[in-house]
Amino acid sequence: MSTDAPTAAELPPKYVPADVEPTITQTWDAANAYAADTSGGGDPYAICIPPPNVTAALHLGHALNNTLQDVLTRAARMKGYNTVWLPGTDHAGIATQSVVDKRLQATGEKALKDYKLDEAEGKSGRDAFIEKVQAWKDEYEERITQQLKDMGCSCDWDRQAFTMDEPRAKAVREAFFQLFKDGLIYRGKRLVNWDPVTQTALADDEVEMEDIDGNFYYMKYPIVVPENFAPGESPGADTQWIKTGEFATVATTRPETMLGDTAVAVNPDDAPRAKYIGQFVKLPIVDRVIPIIGDDYVVIPDEDSDDSKARMASGFLKVTPAHDPNDYDIGQRHDLPIINVMAPDASISITHGWPAEEKPEQIADLQPLIGLSREAARKAVVRWFKDHDLLAKVKPYRHAVGHSYRSHVPVEPYYSDQWYLKVTDDKLAGAALRAMDASQRSDASREATPPGPGGHRPPATTYSKTFPESDALDTALSAYDEFIRLDTEKHADGSATFRVTLNDDCPEADAIEVRELLEAQGFTTDADAASGSTAKPTAPEATGLRFTPERYAKTFQTWHENIRDWCISRQLWWGHRIPVWSFHLSSMNEDVVTYIIKKFDADQRGEAGPDKPANWLSESDEFAWSLAQKIGKEHSESAHYSFGILNDEDAQPSPPHHISIGPVVHVCLRSHDQELVEKLEAAGFEQDPDVLDTWFSSALWPMSTLGWPEKTPDLELWNPTSVLCTAREIITLWVSRMVMFNLYFLGRLPFRDVFIHAMIQDGHGQKMSKSLGNGVDPVDIIHSHGSDAMRYTLTAMTTQTQDVRLPVDIIDPHTGETVHPKFTAGPGGTKVAAPIQEHPPGSGKQMVSSFGLASGQAEPTEDVPLARNTSEKFDVGQRFATKLWNATRFALGNLADAEADAVGCRMSVSDRWILSRTVRAIEAADRALVNYDFHNYANGLYQFVWNEVCDWYIEAVKPVITKPEGAKSRQVLAAVLDTSLRLLHPVMPFITERLWSALSAVCPQRGVEGLDPEETELLVNAPWPTADRALIDRDAEERFGRLQAVVSMIREVRNGAKVSPREQVEFSIKAEASASEPIRNGLALIESLTNTKIVAVGPDTVKPEHAAVVTAPLGEGYLHIEVDTAAEGERLTKRKEELKKSLKTLDGRLSNEKYTSKAPAHLVQQTRDQRAAAAAELERVEAQLNALA
RNA sequence: GGGCGAUUAGCUCAGCUGGCUAGAGCGCACGCUUCACACGCGUGAGGUCACAGGUUCGAGUCCUGUAUCGCCCACCA
């Protein structure tokens, strides 16, 4: 780049980001500036990008997120850390699958349901569909990557990862295998949150609650008794039932589920109704006779209650175990049958769990309901009850209903088989809680945390015991030799002391086992033993997981304290297929099972090396063991439950309840060994059709991006990563799971710090989202303002707040004008930009808004093009970039022939002052970055550069900068500019890099004593400036401050007197001889900054008759102008009032004996000084007023 | 129902462990095309810090309560 080194003249007068940014990007790429290598020196610094979903392009929320990461990354790189920022994307299972399906439907192509049919017919529907999704992923991954590159993100692009690529798939299989082997993954039959549209189960946190205006329906169920009713006698199948004429009136918001009712419940404490317990009702429509049971879950009606449920309740609760989680629990307590009345699409069905013995196909009144949607069925059922005079009443009711975060339809509680991860296990949730920084964990949790085997946290890492014989140590320990260190001390009497130290990287799961083992053998923790060189006790506050802002620690803590097992299976095609092959044992010969087990055993043993310790269960043994355990476990469970399995043909849950398939053997494969798979499948095993919850692979991200499960140098160096930077909505979904997994598999945190940044809302306070179409493409902002401007603004707006509002405008593609869009009512009371906008109004010229495009309500055409978004919020950044550009242009114009040696030249007050301020700016920037205080980092530098460097320093040195006596100032200016560029580089990389090259070309040697960091060719790799505190110059700061005050006052007077800025005015100063030195030093500065000519300085200066007076602590100044007496009087009077007022409050404070005695001395002194200054000025002002009059 | 947070100039927001005569940017008013910058320079107007109590010598800052708004969690009768 030296061949075409830019000179000052080559810096165009105007900063056009689009002309600069692409070139700079090329420069960085060519220099391979972001490449990270474990062999590089310096302490490690790593950040994993929160992988954006490949569902769509990035919006401003991502821009914020990634800007902050880049600020941290670039700063760390400059500070000399061995820095890596790992980029990547997330496959986002359900989201991507449904977005692709939607697109296929919209374009009329073969969509998911067609592929499902293909698959059912044995054609490759699944693979064909995945190809479609893959194509989408490729497109968006590329687009996202380009967006990040446009933003200047300094990721190591050679390490780009994708949650579903092969290295990540390997990590997922390994993690699943280990968890499976450790008994933490299980098959559960539960009510899941079922999304009938996407037809998959959702995790609890994928369900969004929405308030819905519904109704309470009061339905009358006739109470019946057996023909020959004898209390205590159980009715048989052939019992004849007689209506008593009484009714149990149930209250429900979901009448259609009554088809699956298997009981009616009343509260045993509900006096008027408890007597019905033990009786029966005949369920209308289906004529099923179900018992009335007693359960204290039932709310007792109370019309005067504060509880809305009590006001609405009828006292009778219909119990539908298959379609309501509470009812499910009641059903479990009372051993009620579970009757599923819906198909996976939530239409009424008699073939998905309706007991065949009821012969539902013969129930006449049921037939019209079959196939109806939930909503239609509700109406039909209500109509039926009304027609049969069984509908008591209907009351409107507003209540919260869970909706799918993906399809936005109400979630259906649905009874099915799923895979669960036992995160409730202490090794997962408990470990995550204990990993929190002690200073951020509330006391309640410390009590709530079950004390581990070692007692309180942090658990001991060193145990010892003395045995009579030196060979007495249990060999079981050697299973853990990877994670422990064993020291043996043999004594003269033949006994030996064994000291076991747990390694720092011992996974939590193994640590617990080791501790248990040791304690069982009588080992004790020995504080003295640990205090030696063997173990370095680390302070918990130094090692724990820390949140910034702190308050989010509470979210994390509460989540883990109330955590429930995690449903990890999803009925999707796009995702990591569950690495489990299953076989139903009902038809399997026991010999076959034995054979398979042995076969596996042999295969696995063949692979295991001969050097495996004998006592350490080989993987194959483990495998056989877990296989056997699974069989055993499920055999035992089968005594109580029937086992459903997934029906592979349609990849949907099979009718669960009534089909007893029997126990299932599950085989989990560690690696996708094709030979093994073939064997399994030949033996009749089938791979589970489900895929893993997308967060399963995300949870491994800080490990899988660094090579886990291999112990790669990358992993050892950069995991734990330094910080995770994300949004708060994801603390439970993602942060929690990364913490649990990293602790479980590696025994250490995935990251030390978690920085939670604000959420960007639109101008109406609505979350930016795809469905609202209010998301803004960062590239749009780069287009209108430039990347640096966007980055600066986003960084500066990052305070500790939860949300920031960002009003969005659109750019008229016809004229290029920025206009405020028109808004209309969107879905659910939201405000959205009108799909088609007209500008100017009535002109007929139209454009499509991004909402129009996103919602599919408008399609851009040549005449009605898409309008880009913009926002005037980014003007600040744009202006700042321009300011920096112009300041540099000024400097370069004057530094062109700056001689390197300014020896003999003394620094002026201004020089000393700006150097002092520069050191403070460095310190402030450092402090802000360490504290993730992005606002103060960006804003502080803004103030420094604009208000101090530009407004004062550059203005102050203008008179001398071109002259020989300005040599020192030129040197200082170059050093200050150099430092500013370095400090600003992390937030504004493009412009600073561009200016850096210009500065280097013009002034290759720069720096002053105490501020002389190494110059490098590229700023991206330049060292961060260090602050030499010796440059902090209080004297200069004080003097310069006084000069600033005088200048401001003169300007104020000039302005007030309406003196033209162009008119040079004479100025004279009256000051004591002792004060004349500092004043003389500042004469040139005062003259140039106020356009005055100083004609006299000294103790004998006489005030001209009409002059305006400027007062300062060291004297007075006289501005030789024809003062407008009235205006001057007004100004002075106003000032007088201000002074009097402040004098009054200061006097009040000082006369308060309690204040002077209790307040800190320096504050009292400060108040006294303030009072003295105010009194002195007041005196002068009054004197002037008298003179005027 | 539980939890977290917000409420400070017309707008968007700062204000750490109480010391503020309450700040910034935009917008507004006035004056300047001054040879780095009109995406600029200078000057100014504008706030009883949501409300009510309390603690304190002193409260925007701490405590209690009220109101409004937002988010997260919670089993949808």
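Note that CG of A/Leu1146 is 5.5 Å distant from CD of A/Gln1170, once rounded to the nearest 0.5 Å. For the atom pair A/Arg273 CZ and A/Phe316 CZ, the distance stands at 6.0 Å (nearest 0.5 Å). The CD1 atom of A/Ile1121 lies 12.0 Å from the NZ atom of A/Lys1058; values are rounded to the nearest 0.5 Å. Taking OH from A/Tyr15 and CG from A/Leu884, the interatomic distance works out to 9.5 Å, rounded to the nearest 0.5 Å. Note that CZ of A/Arg1171 and CZ of A/Arg1168 are 11.0 Å apart. Values are rounded to the nearest 0.5 Å.
For A/Arg1051 and B/C41, the shortest distance from a side-chain N or O to OP1 or OP2 is not below 4.0 Å. Of the side-chain N and O atoms in A/Arg564, one or more sit less than 4.0 angstrom from OP1 or OP2 of B/C75.
Rounded to the nearest Å, the gap between the C1' atom of B/A45 and that of B/A29 is 7 Å. Between B/A67 and B/C51, the distance separating the two C1' atoms is 7 Å to the nearest Å. For B/G40 and B/U34, the C1' atoms lie 11 Å apart once the distance is rounded to whole Å. Rounded to the nearest Å, the gap between the P atom of B/C57 and that of B/G18 is 15 Å. The same atom, P, is picked in B/U17 and in B/C26; the two are 29 Å apart, to the nearest Å. Comparing the same atom, P, in B/C20 and in B/G60 gives a spacing of 11 Å after rounding to whole Å. With C1' as the reference atom, B/C49 and B/G3 are 26 Å apart, rounded to whole Å. For the C1' atoms, the distance from B/G23 to B/G47 is 11 Å, rounded to whole Å.
With contacts defined as side-chain heavy-atom distances shorter than 4.5 Å, the pair A/Trp885/A/Val16 does not qualify.
A/Asn1152 contributes no side-chain N or O that forms a donor-acceptor pair with the base of B/C57 under 3.5 Å.
Out of B/G19, B/C76, B/G25, the shortest distance to the side chain of A/Tyr1155 is found at B/G19. Checked against B/C20, B/G25, B/C71, the side chain of A/Gln1166 finds its nearest nucleotide in B/C20. For A/Pro1061, the listed nucleotide lying nearest its side chain is B/C32; candidates were B/C57, B/C32, B/G19.
For the pair A/Asp295 CG and B/C75 P, the interatomic distance rounds to 17 Å; values are reported in whole Å. When rounded to the nearest whole Å, the span between CG of A/Leu1089 and P of B/G42 equals 10 Å. The distance from atom CD1 of A/Ile756 to atom P of B/C72 is 14 Å, rounded to the nearest whole Å. Rounded to a whole Å, the CD1 atom of A/Ile731 is 16 Å from the P atom of B/C71. Per the geometry, CG belonging to A/Asn1055 stands 11 Å off C1' belonging to B/C41, to the nearest Å. Between A/Gln1044 atom CD and B/G42 atom P there is a gap of 12 Å when expressed in whole angstrom units. Straight-line distance from the CZ atom of A/Arg879 to the C1' atom of B/C26: 7 Å, rounded to whole Å. Rounded to whole angstrom, the span from the NZ atom of A/Lys1136 across to the C1' atom of B/U21 amounts to 19 Å.
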Would you give a per-nucleotide map of nucleotides 4-16 of chain B, 5' to 3', where B means the base has a protein non-hydrogen atom under 4.0 Å away, S means only the sugar-phosphate does, and - means neither?
SS------SSS--

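Residues satisfying the ring-ring contact (aromatic ring centres under 6.0 Å, His included) test with A/His757, not counting sequence neighbours, are none. For A/Asn267, there are no side-chain hydrogen bond (donor to acceptor under 3.5 Å, both in side chains) partners at least two apart in sequence or on another chain. For A/Tyr942, the ring-ring contact (aromatic ring centres under 6.0 Å, His included) partners are A/Tyr792, A/Phe880, A/Trp946, not counting sequence neighbours.
Residue-level contact check: A/Glu1052 touches the backbone only, with heavy atoms under 4.0 Å from sugar-phosphate atoms and none from bases. Residue contacts shown for A/Arg1149 are limited to sugar-phosphate atoms, with no base heavy atom under 4.0 Å away.
A/Asp261 and A/Tyr221 are linked by a side-chain donor-acceptor pair at a separation below 3.5 angstrom, with hydrogens and angles left out of the test.
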Give RNA chain B the dot-bracket treatment, 5' to 3': Watson-Crick (N1-N3 with N6-O4 or O6-N4) or G-U (N1-O2, O6-N3) under 3.5 Å, [ ] crossing, | other strand.
(((((((..((((.....[...)))).(((((.......))))).....(((((..]....))))))))))))....

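In terms of position along RNA chain B, the nucleotide closest to A/Arg1062 lies nearer the 5' end than the nucleotide closest to the other residue of the pair A/Tyr217 and A/Arg1062. Toward the 5′ end of RNA chain B lies the nearest nucleotide of A/Met759, the other residue of the pair A/Val298 and A/Met759 mapping further downstream.
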List, with names and distances, any nitrogen or oxygen atoms from the protein found under 3.5 Å away from nitrogen or oxygen atoms belonging to nucleotides 36-38 of chain B.
unit_1 : atom_1 : unit_2   : atom_2 : d
B/A36  : O2'    : A/Asn886 : OD1    : 3.3
B/A36  : O2'    : A/Arg889 : NH2    : 2.7
B/A36  : N7     : A/Lys958 : NZ     : 3.2
B/A36  : N6     : A/Glu955 : OE2    : 3.0
B/A36  : N3     : A/Asn886 : O      : 3.1
B/A36  : N3     : A/Ala887 : N      : 3.2
B/C37  : O4'    : A/Asn886 : ND2    : 3.3
B/C37  : O2'    : A/Asn886 : ND2    : 3.2
B/C37  : O2     : A/Lys883 : NZ     : 3.0
B/C37  : N3     : A/Lys883 : NZ     : 3.0

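Salt bridge present: A/Glu955 and A/Lys958 bring a charged side-chain N and a carboxylate O closer than 4.0 Å. Using a 4.0 Å cut-off between charged nitrogen and carboxylate oxygen, A/Arg927 and A/Asp933 do not count as a salt-bridge pair.
Figure legend: cation-pi geometry between A/Lys393 and A/Tyr218, with NZ or CZ positioned under 6.0 Å from the six-membered ring centre and within 45° of its axis.
The local environment of NZ in A/Lys395 is crowded, with over 12 non-hydrogen atoms from other residues, nucleotides or ligands closer than 6.0 Å.
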